[in-house]
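Please read the structure below before turning to the comments.
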Amino acid sequence: MTDRTVSLVIHGGAGPLRGGDYSREVAHMRGLIEAGRDRLNAGAPALDVVQETIVALEVSGLYVAGRGASPNTDGVYELDASLMHGPSRRLGAVAALVGFKSPITAARAVMEKTPHVMLAGQGAAAFAARQGLEAVDDPAAWFTHAWRGAGKTAAELATGTVGCLALDQSGALAAGTSTGGAFGKLPGRVGDSPIAGAGVWADDRVAVSCTGSGEMFIRAAVAAQIAHRVRFAGAPLGQAAEAALAEVAALGGEGGLIALSATGELVMPYNSAGMKRAALYPDGRIVSDVFQAGS
Ligand code: ASP
């Protein structure tokens, strides 16, 4: 293993309410960046660090993913997640998964224990049960409903998802995304988060995780578009990300993304009011913020 610079990026969703107090989330994300930095510096693989970080985001209940997720219009918590390994492009995802605490852990199991890249609905839940993954026995007690405190309707609330990217000492990238999906979604609705090329991507050069209006992120193939602009057009990462977000905006969507290159370029653009985010830059600098642009 070479002694290369590591990097780590988190987003906690592009749906913060203007004027909201997100000091807990900012501190939480910074703590996760510091913990992940130590793991990466100790030689941990990017894939493991991405999964561990997303598990912590999911079970915290602070974000609209995992424990903090919002229900669909039937009151059921259907969760989506994906995990992708850059060098091998191995991929695992779950969609509309009901009844389990960590969708990202289910996604990892799909990657490693099946010949498939995605399991959905009842099949995903049956698989998670066979894998012995931790179940949610009492949804009313488990889910935090933290988003309700905002006193907003589903339509007024924007979105919230979590994502993480890592670059490890071997130069490998990994990406993951986990979400409760859009507020007020129909039963069975699946957004961009579990779809490779839309809400998640990792290859040998670029890793991406998105948050925002999932339908538009799928229609613009945001994550693949960024990777392909870099690979085939030689675009700088920041320019590729801005161009993809502009397409989302042109389709009437909004949101943001995190993107990281194997050479250590790191960008966190958004066109929403803010985006919960934190990063360890390759030079060792850490930022954790919600509303300030340009960090
Ligand atoms: N993109 C997610 C979805 O549409 C939602 C979000 O990012 O908050 O499912």
Side-chain angles (χ1 to χ4, degrees), residues 9-17 20 22 25 29 54 57-58 60-73 76-83 93-98 103-104 107 118 120-121 124 143 146-147 150 152 154-165 175-201 208-226 241 244-245 247-249 251-259 268-277 290:
V9 203
I10 291 172
H11 73 73
L17 299 168
Y22 295 99
E25 287 86 345
M29 290 187 295
I54 291 183
L57 291 160
E58 286 175 339
S60 72
L62 291 172
Y63 313 88
V64 191
R67 194 169 187 197
S70 63
N72 65 23
T73 52
V76 176
Y77 292 83
E78 293 185 334
L79 309 183
D80 305 331
S82 57
L83 189 63
V94 288
L97 175 68
V98 175
I104 198 73
M118 185 188 288
F143 291 102
W147 40 274
K152 303 273 181 183
E156 290 169 313
L157 287 163
T159 52
T161 286
V162 302
C164 180
L165 314 173
T177 308
S178 179
T179 191
F183 283 92
K185 68 183 181 181
L186 291 174
R189 180 266 187 189
V190 174
D192 60 315
S193 306
I195 299 178
V200 74
W201 184 259
V208 182
S209 173
C210 302
T211 171
S213 339
E215 282 71 9
M216 284 62 161
F217 277 74
I218 295 170
R219 290 164 60 197
V222 169
Q225 181 180 150
I226 294 169
L245 264 190
E247 277 201 7
V248 170
L251 292 170
E254 65 168 32
L257 61 94
I258 53 178
M268 304 187 282
Y270 56 89
N271 61 16
S272 42
M275 181 172 76
K276 300 172 205 162
R277 63 198 188 279
V290 177

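Hydrogens, waters and symmetry mates play no part in the numbers below; they use all other heavy atoms, side chains included. Quick caveat: nothing in here was measured; it's all calculated off a predicted structure. Every number for a ligand or one of its atoms is a count from 1 in the order of the listing.
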Are Gly199 and ligand 1 in contact, using a heavy-atom cut-off of under 4.0 Å?
no
Does an N or O anywhere in Asp192 fall below 3.5 Å from an N or O of ligand 1?
yes
If the cut-off is 4.0 Å to any non-hydrogen atom of Gly181, which atoms of ligand 1 fall inside it?
9 (O)
Tell me the nearest of Val64, Val222, Thr161, Leu79 to atom 5 (C) of ligand 1, using heavy-atom distances.
Thr161
Separation between CD (Glu215) and NZ (Lys185), nearest 0.5 Å, reads 10.0 Å
Would you mind telling me if ligand 1 is within reach of the side chain of Ser193, the backbone, both or neither, using heavy atoms under 4.0 Å?
side chain
Answer yes or no for Arg189: is there a heavy-atom contact with ligand 1 below 4.0 Å?
yes
Does any N or O in the side chain of Glu58 come within less than 3.5 Å of the main-chain N or O of Ile104, such that one atom is a donor and the other an acceptor?
yes
N/O separation below 3.5 Å, Ser213 to ligand 1
no
Are any of the side-chain heavy atoms of Met268 and His11 separated by less than 4.5 Å?
no
Need the ligand 1 atom indices (1-based, order shown) with element for anything under 4.0 Å from a heavy-atom of Thr211.
6 (C), 7 (O), 8 (O)
Worked verdict on Met216 versus Val222 for side chain to side chain contact (heavy atoms under 4.5 Å, CB included)
CA-CA 9 Å; Met216 284 62 161; Val222 169; over 6 Å; no
State which residues pass ring pair (Phe, Tyr, Trp, His ring centres under 6.0 Å) with Phe217; sequence neighbours excluded, sorted by chain then number.
none
Partners meeting side-chain hydrogen bond (donor to acceptor under 3.5 Å, both in side chains) with Glu25 (sequence neighbours left out):
none
Ligand 1 and Gly191, any nitrogen or oxygen pair closer than 3.5 angstrom?
no
Tyr270 vs Thr211 side-chain heavy atoms within contact, under 4.5 Å:
no
N/O to N/O below 3.5 Å, does that happen between Thr179 and ligand 1?
no
